[in-house]
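Worksheet for the structure shown next.
Start at 1 and go down the list; that is how both ligands and their atoms are numbered. Along the sequence shown, residues are numbered consecutively beginning with 1.
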Amino acid sequence: MCQALKDKVALVTGGSRGIGRAVCQELASCGCEVYVNFSSRVEAAQETVDICASVGGRAQVLGFNVADSAAVDAAVETIRQKSGRLDILVNNAGITVDGLMIRMKDEDWARVLQTNLSGAMYCARAAARLMVKARAGRIINISSIVGQMGNAGQASYCASKAGLIGLTKSMARELAGRGILVNAVAPGFIETDMTSALDEKVKAEHFKSIPLGRYGSAQDIARVVTFLAGEGAQYITGQVVGVNGGMYM
Ligand code: NAP
């Protein structure tokens, strides 16, 4: 099914853990050469590389902070020098600093927006410069169900994820003529480090609102990302694909 992804070059931000790791594994198992980005946990990123190798794929770590535009440009230049091109970008790196909006500190607001939204734009901008020359490419932004619905206690995170949807649609329109497809995936409640920190009562509340009756797995998201990167998605751009067990319709 993923034959067309063989030998494509992919960059996955935040590939060291959770959803990003599963995306790296899935792309590597289809034959992509994967750059596994991380910000601080190099051992975790190396573990992802080992997992990619265990499924017969090729991967290497590429640490940089997505919120630092100069570091992003340098990293994409490294990919250009080593691999000659970049076919797939998955903007997955993300953080959350939860708390009520009324008490939100300026620096917490700024950090979440800078990482989740500006970081994705920096990576897309740098990647698109290479993709435009190739007149082909796929950019997949990992948004969130709460970017569509809102969530009390997560104003900065929701704003960043809603912003990613606007960014996705604008980039899709700007880049369509160059053969570059841009889509967003909006996961629901996925079991990763990010959600394991939540209070059990909060988790139980979320659980009740999932018609499919289970939390999502990182692989549920990775499969959809891989579809959007592949041959079957040739006529899909500017879309937000909800992968949420029916939690938001
Ligand atoms: P996670 O387990 O907390 O992993 C976050 C990843 O992002 C890590 O690889 C981390 O690197 C990386 N990262 C954080 N800040 C970074 C930065 N400034 N530069 C580069 N990398 C950075 O998160 P997850 O649950 O897998 O979520 C992945 C994405 O899906 C996020 O964008 C999240 O908002 C979104 N999402 C998650 C859920 C969910 O239920 N889990 C739902 C909807 C959307 P280190 O390992 O080096 O720290």
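Looking at A44 next to ligand 1, no N or O pair under 3.5 Å apart turns up. Distances between N or O atoms of S144 and those of ligand 1 include no value under 3.5 Å. Considering backbone and side-chain atoms together, N65 places an N or O closer than 3.5 Å to an N or O of ligand 1.
Taking a cut-off of under 4.0 Å to the non-hydrogen atoms of T115, the atoms of ligand 1 that pass are 15 (N), 18 (N). Shown in contact with T195 at under 4.0 Å from a heavy atom are these atoms of ligand 1, numbered in order with element: 39 (C), 40 (O), 41 (N). Listed by number with element, the atoms of ligand 1 under 4.0 Å from a non-hydrogen atom of G18 are 26 (O). Listed by number with element, the atoms of ligand 1 under 4.0 angstrom from any heavy atom of D193 are 2 (O). Residue-ligand proximity, F64 to ligand 1, at heavy-atom distances under 4.0 Å covers atoms 19 (N), 20 (C). Atoms of ligand 1 lying under 4.0 Å from any heavy atom of N92, numbered from 1 in the order shown and given with element: 28 (C), 29 (C), 30 (O), 31 (C), 32 (O).
Heavy atoms of I19 found under 4.0 angstrom from ligand 1 belong to the backbone as well as the side chain. At a heavy-atom distance under 4.0 Å, only side-chain atoms of I95, from C-beta outward, approach ligand 1. Only the side chain of N37 comes within contact range of ligand 1, with a heavy atom under 4.0 Å; no backbone atom does. At a heavy-atom cutoff of 4.0 Å, ligand 1 is contacted by both the backbone and the side chain of V66. Contacts between S143 and ligand 1 below 4.0 angstrom, taking non-hydrogen atoms only, involve the backbone exclusively. At a heavy-atom cutoff of 4.0 Å, ligand 1 is contacted by the side chain of K161 but not by its backbone.
Nearest to atom 42 (C) of ligand 1 among the protein's heavy atoms is G188 O, 3.0 Å. Scanning all protein heavy atoms for the shortest distance to atom 30 (O) of ligand 1 gives I142 CG2, 3.3 Å. The protein atom (non-hydrogen) at minimum distance from atom 1 (P) of ligand 1 is R17 NH1, 3.9 Å. Nearest protein heavy-atom neighbour of atom 12 (C) of ligand 1: G14 CA, 3.5 Å. The protein heavy atom nearest to atom 24 (P) of ligand 1 is T192 OG1, 3.6 Å. Distance from atom 34 (O) of ligand 1 to its nearest protein heavy atom, with residue and atom name: Y157 OH, 2.5 Å. Ranking the protein heavy atoms by distance from atom 9 (O) of ligand 1 puts S16 OG, 2.6 Å first.
Nearest-heavy-atom check against atom 40 (O) of ligand 1 across V112, T96, I190 picks out I190. Of the candidates G147, A218, S160, G94, it is G94 that places a heavy atom closest to atom 5 (C) of ligand 1.
Side-chain atoms of Q81 never come within 3.5 Å of backbone atoms of T78 as a donor-acceptor pair (strictly under, hydrogens ignored). Remark: side-chain polar atoms of D68 are not paired, donor with acceptor, to backbone N or O of N65 under 3.5 angstrom. Judged by distance alone, the side chain of Q239 and the main-chain N or O of T237 form a donor-acceptor pair under 3.5 Å.
Annotation: R173, atom CZ; neighbour count of heavy atoms from other residues, nucleotides and ligands within 6.0 Å does not exceed 12.
Remark: SG of C2 is found under 2.5 Å from SG of C30.
Exactly one residue among S156, S144, S160 makes a side chain to side chain donor-acceptor pair (under 3.5 Å) with N116. That residue is S160.
Salt bridge annotation for R58-D7: present, with a cationic side-chain nitrogen under 4.0 angstrom from a carboxylate oxygen. Ion pairing of E47 with R17 is absent here, as no side-chain N (NZ or NE/NH1/NH2) approaches a carboxylate O to less than 4.0 Å.
T48 and R21 form a side-chain donor-acceptor contact under 3.5 Å, judged by distance and modelled atom types alone. Residues D193 and S196 bring no donor and acceptor atom of their side chains to less than 3.5 Å of each other.
Separation of atoms OG1 (T13) and CG (L89) is listed at 6.5 Å; rounding is to 0.5 Å. Within the model, atoms CD1 of I95 and CE of M194 stand 8.0 Å from one another, a figure rounded to the nearest 0.5 Å. Atoms CZ and CE, from R85 and M131 in turn, are 11.0 Å apart once rounded to the nearest 0.5 Å. Rounded to the nearest 0.5 angstrom, R138 CZ and T226 OG1 are separated by 11.5 Å.
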